[in-house]
J.: 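Here it is, the structure in full.
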Amino acid sequence: MAHTFQRARNEEQRAQRRQAILDTTASMLTEMPVAQVSLNELSRRVGLAKSNVLRYFESREAVLLELLDVASREWLEHLEDALASGVDSGAPLSERGDRVAAVVADSLADRPVLCDLTSSQAAVLERNVSPAVAAEYKRAAIANVGTLAGSVRARVPELGEHDALRFAALCVMTTGSIWTHTQPSAAMLAAYEADPSLAVMRIEFTATLREVLEVVLSGLLARASG
């Protein structure tokens, strides 16, 4: 249901408009992929003219980048709890590493909107924003990577600070790439159905991400010990 807004007359009202735009976009993302979220439909649903939406966010991509940061921070809060309960601090190193990879992969699989936003980040969302918005997002992204690195290193202290940051950054990039490859188009699904031999190229998100993270983590640990 669309909102109907009067002109914002103070900072509190402006903040309310911004939040309404973010909330409406988040709701749309539960119904459709990032690629289908349009500024026209967002404007209609939020009850503002498109020109007025652009008074609060400079572009569709700016809205989605802010949502990506919000979703990332929410995920990181959940992940910390999941790692605390899912990784035995007294277990052998290899077991702890594999459990970290599994918990991270499972937690991301539970957040398809976050994965979809992550997969669109570099190729789409960063392409239609000003330098100021780009810098603001990158600062937030660096902070989020640092938080992820800290959570991982708390369970695998054998991982140095630098390698923990490398693992965290690779986790984000890998998530976006694997998500893209595990969301086949209707044409590709039809091709798989028509020729089952092609399905050998189809991969499953959670298992693939878990396996890649296991390899990355074990590789970093092996290099550090060597």
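Start at 1 with the first residue, then count along the sequence. Just so it is clear, the model here is predicted, and its values are computed rather than measured. Because only heavy atoms are used, hydrogens play no part in the values below, and waters and symmetry mates are left out as well, while side chains stay in.
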J.: Specify the closest pair of heavy atoms between A62 and V133, including all atoms of both residues, with the distance to one decimal.
T.: CB-CG1, 4.2 Å
J.: State whether Y192 and R202 meet the cation-pi test: NZ (Lys) or CZ (Arg) under 6.0 Å from the six-membered ring centroid, and within 45° of the perpendicular axis.
T.: no
J.: Knowing that exactly one of T118, V212, T208 qualifies, which makes a side chain to side chain contact (heavy atoms under 4.5 Å, CB included) with T174?
T.: V212
J.: Where do A168 and A149 come nearest, in terms of heavy atoms and distance?
T.: CB-N, 3.8 Å
J.: According to side chain to side chain donor-acceptor pair (under 3.5 Å), does anything in residues 132-149 pair up with another residue at least two apart or in another chain? List the pairs.
T.: D69-N144, Q121-Y137, E126-K138
J.: If I take atom CG from residue L39 and atom CD from residue E61, how far apart are they, to the nearest 0.5 angstrom?
T.: 8.5 Å
J.: Counting only heavy atoms not in E161, do more than 12 sit closer than 6.0 Å to its CD atom?
T.: no
J.: Taking atom CE as the centre, does M188 end up with more than 12 heavy-atom neighbours from other residues, nucleotides or ligands that are less than 6.0 angstrom away?
T.: no
J.: How far apart are the closest heavy atoms of L159 and A164, and which atoms are they?
T.: CD2-CA, 3.6 Å
J.: When you compare the side chains of T182 and E204, does any donor N or O come within less than 3.5 Å of an acceptor on the partner?
T.: no
J.: Taking the side chain as every heavy atom from C-beta outward, state whether L76 and S151 have any atom pair closer than 4.5 Å.
T.: no
J.: Is atom NE2 of H78 surrounded by more than 12 heavy atoms (other residues, nucleotides or ligands) closer than 6.0 Å?
T.: yes
J.: Any heavy-atom pair between the side chains of V34 and L125 that's under 4.5 Å?
T.: yes
J.: On a heavy-atom basis, which atom in C115 and which in L108 lie closest, and how many Å separate them?
T.: SG-O, 3.2 Å
J.: Which atom pair, heavy atoms only, marks the closest approach of E158 to L93?
T.: OE1-CD1, 3.5 Å
J.: Which of these passes side chain to side chain contact (heavy atoms under 4.5 Å, CB included) with T24: V53, L48, L29, L42?
T.: L42
J.: So do L64 and R60 actually touch side chain to side chain, heavy atoms under 4.5 Å?
T.: yes
J.: In Å and rounded to the nearest 0.5 Å, what is the CG to CG distance from L220 to L165?
T.: 11.0 Å
J.: So does E95 pair up with R99, basic N to acidic O under 4.0 Å?
T.: no
J.: Between E74 and R111 (salt bridge meaning N to carboxylate O under 4.0 Å), is one present in this structure?
T.: no
J.: Strictly below 4.0 Å, N to O, side chains only: are E214 and R210 in salt-bridge contact?
T.: yes
J.: Charged N to carboxylate O under 4.0 angstrom, E11 versus R18?
T.: no
J.: How long is the span from the CG atom in D98 to the CZ atom in R96, to the nearest 0.5 Å?
T.: 11.0 Å
J.: Work out which heavy atom in P112 is nearest to a heavy atom in W179; give both atom names and the distance.
T.: CB-CH2, 3.6 Å
J.: Does atom CD of E12 have more than 12 heavy-atom neighbours, drawn from other residues, nucleotides or ligands, at distances under 6.0 Å?
T.: no
J.: Does the side chain of Y56 reach to within under 4.5 Å of the side chain of V63, using non-hydrogen atoms?
T.: no
J.: Would you give the length of the straight line joining atom CE of M28 to atom CG of D23, rounded to the nearest 0.5 angstrom?
T.: 13.0 Å
J.: Under the rule for ring-ring contact (aromatic ring centres under 6.0 Å, His included), what residues qualify as partners of W75, not counting sequence neighbours?
T.: none
J.: Is it true that the side chains of S38 and N40 contain a donor and an acceptor less than 3.5 Å apart?
T.: no
J.: Between S185 and L189, is any pair of side-chain heavy atoms under 4.5 Å apart?
T.: no
